[in-house]
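Below: the structure, in structure tokens.
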Amino acid sequence: MKQRTRFTRWFALACCLALGTVAMTSSAGSSAIPSSSVVYYDDAGNVIGVRMWGCGDPGWGETSRRSKFYPGCIM
């Protein structure tokens, strides 16, 4: 009986993972990458660059150590 319970748990876990993967890819369209953006600033606080992932636009400008993360697409 213990072996049957173990199989049931593994099967349930596999089903949940499969359904989660399908839901994630179907809701995001062709890419399952969550969108996010990073804005880069110079020492004076001026925007010198933007990088965006999962937004269809790679961004522009330079990168620096001073940056701020934003969830989602900003442009």
Side-chain angles (χ1 to χ4, degrees):
M1 192 64 160
K2 189 171 200 162
Q3 193 73 357
R4 184 174 174 93
T5 305
R6 185 179 300 157
F7 172 77
T8 304
R9 286 182 182 174
W10 280 110
F11 183 73
L13 177 64
C15 287
C16 288
L17 289 174
L19 288 174
T21 303
V22 169
M24 191 164 140
T25 57
S26 65
S27 66
S30 62
S31 70
I33 300 171
S35 57
S36 61
S37 303
V38 178
V39 178
Y40 296 97
Y41 302 94
D42 62 4
D43 292 333
N46 300 317
V47 176
I48 59 170
V50 175
R51 297 291 182 267
M52 296 177 282
W53 294 274
C55 300
D57 182 12
W60 55 270
E62 301 175 22
T63 60
S64 68
R65 290 185 162 266
R66 298 186 62 179
S67 63
K68 180 160 176 137
F69 172 80
Y70 295 97
C73 300
I74 59 172
M75 293 184 172

- Query: What is the minimum heavy-atom distance between Trp53 and Val38, and which atoms define it?
  - Reply: CZ3-CG2, 3.4 Å
- Item | Side chains of Val47 and Tyr41 in contact at under 4.5 Å (non-hydrogen atoms) | yes
- Query: So, does Arg51 use its side chain to make a donor-acceptor pair with the main chain of Val39 at under 3.5 Å?
  - Reply: no
Let me have the donor-acceptor pairs involving side chains of residues 66-75, under 3.5 Å, with sequence neighbours excluded, atom names and distances please.
residue: Arg66; atom: NH1; partner: Asp42; partner atom: O; Å: 3.3
residue: Arg66; atom: NH1; partner: Asp43; partner atom: O; Å: 2.9

- Item | Worked verdict on Val50 versus Tyr40 for side chain to side chain contact (heavy atoms under 4.5 Å, CB included) | CA-CA 6 Å; Val50 175; Tyr40 296 97; over 6 Å; no
- Task: To the nearest 0.5 Å, tell me how far Ser36 OG sits from Met52 CE.
- Result: 10.5 Å
